[in-house]
Amino acid sequence: TAHFYANLVAGKSYTLSITNNATSSTTASDSVIDLVSASFATNMIKNGGFEGGDTLGSMYKQANSGVYNPHWTATGATGKTGLAKSGSSWINAALDVGTYALYMQTKPDDSSTISVYQTFYADLPGIYSFSFHHAMRSNSDSPVTRVRIYSGSGTDGTVVKEWSVTSSAYSGNGVWDDFAANVKRAEEGEYTLEFYRVGGTSKDISALIDDVCLAWKEKIRRGLVIVVQ
């Protein structure tokens, strides 16, 4: 199941378009789509589009150079992550990012890891929809990013969910990869979402991340119990 989010303004009409953008002429690319719906959802991730940030007049700014990115904490090789504007050397102008997107870079000459995370509160047990956009900076690499959810505030708690996400879409083509998953939380409380990249890679590779959203979907469905007497 795929989940995608958009900020809409009340009182306006919108059109939903689903497009197959495959470019290969030798490989069939068919899709079957069903049960399409649109509904209101409140994003539990604050500043998930990174629009509340500020690069202080620059086209991009590293996390250890005064970038203002509220609600997100960057650790590790903070010089390798930060915010970038569309049209900067980090983000091709063809890629729709709004004002800002997050970049995360790893290089062979730096073995430090990169971590960008935010703590959120799940006030209801249930199934949550989680999604974000991601892309690679150049068309010669496929960066792998770990995505983790921890119990509690910060990254010292237990990892309750983890994914490995490979960015294959080239940002210069104006295309995002889309990640979407369901997250089951049986207990209310604090949790932390983290994007994590391992340093010391074989080459200079960079991932771009935008439009991070985590929203309530439904109650946990209970199994049907049949009692035979």
For [X] and [Y], work out which heavy atoms get closest and say how close.
X	Y	value
Leu83	Asp54	CD1-N, 4.1 Å
Asp141	Ile205	CB-CG2, 3.1 Å
Val67	Gln62	CG1-O, 3.2 Å
Lys61	Leu56	CE-CD1, 4.3 Å
Glu188	Leu124	CB-N, 4.2 Å
Gln105	Arg197	N-NH1, 4.4 Å

Interatomic spacing from [atom1] in [X] to [atom2] in [Y] - rounded to 0.5 Å:
X	Y	atom1	atom2	answer
Tyr191	Leu214	OH	CG	11.0 Å
Ser171	Asn92	OG	CG	6.0 Å
Leu102	Asn69	CG	CG	6.5 Å
Asn139	Tyr170	CG	OH	5.0 Å
His134	Asp211	NE2	CG	12.0 Å
His71	Phe120	NE2	CZ	15.0 Å

Kindly say whether the aromatic ring centers of Tyr100 and Tyr60 come within a distance under 6.0 Å.
-> no

Within the 6.0 Å centroid threshold, strictly below: Phe195 and Trp163 | no

ring-ring contact (aromatic ring centres under 6.0 Å, His included) with Phe50: which residues, sequence neighbours excluded?
-> Trp72

Distance-only polar pair, side chains of [X] and [Y], donor-acceptor under 3.5 Å:
X	Y	answer
Glu51	Thr99	yes
Thr192	Thr119	yes
Ser168	Asp177	yes

With the side chain counted from C-beta on, respond yes when [X] and [Y] share a heavy-atom pair under 4.5 Å apart, and no when they do not.
X	Y	value
Lys217	Ser129	yes
Val36	Leu16	yes
Met44	Tyr121	no
Trp176	Leu208	yes
Phe130	Leu193	yes

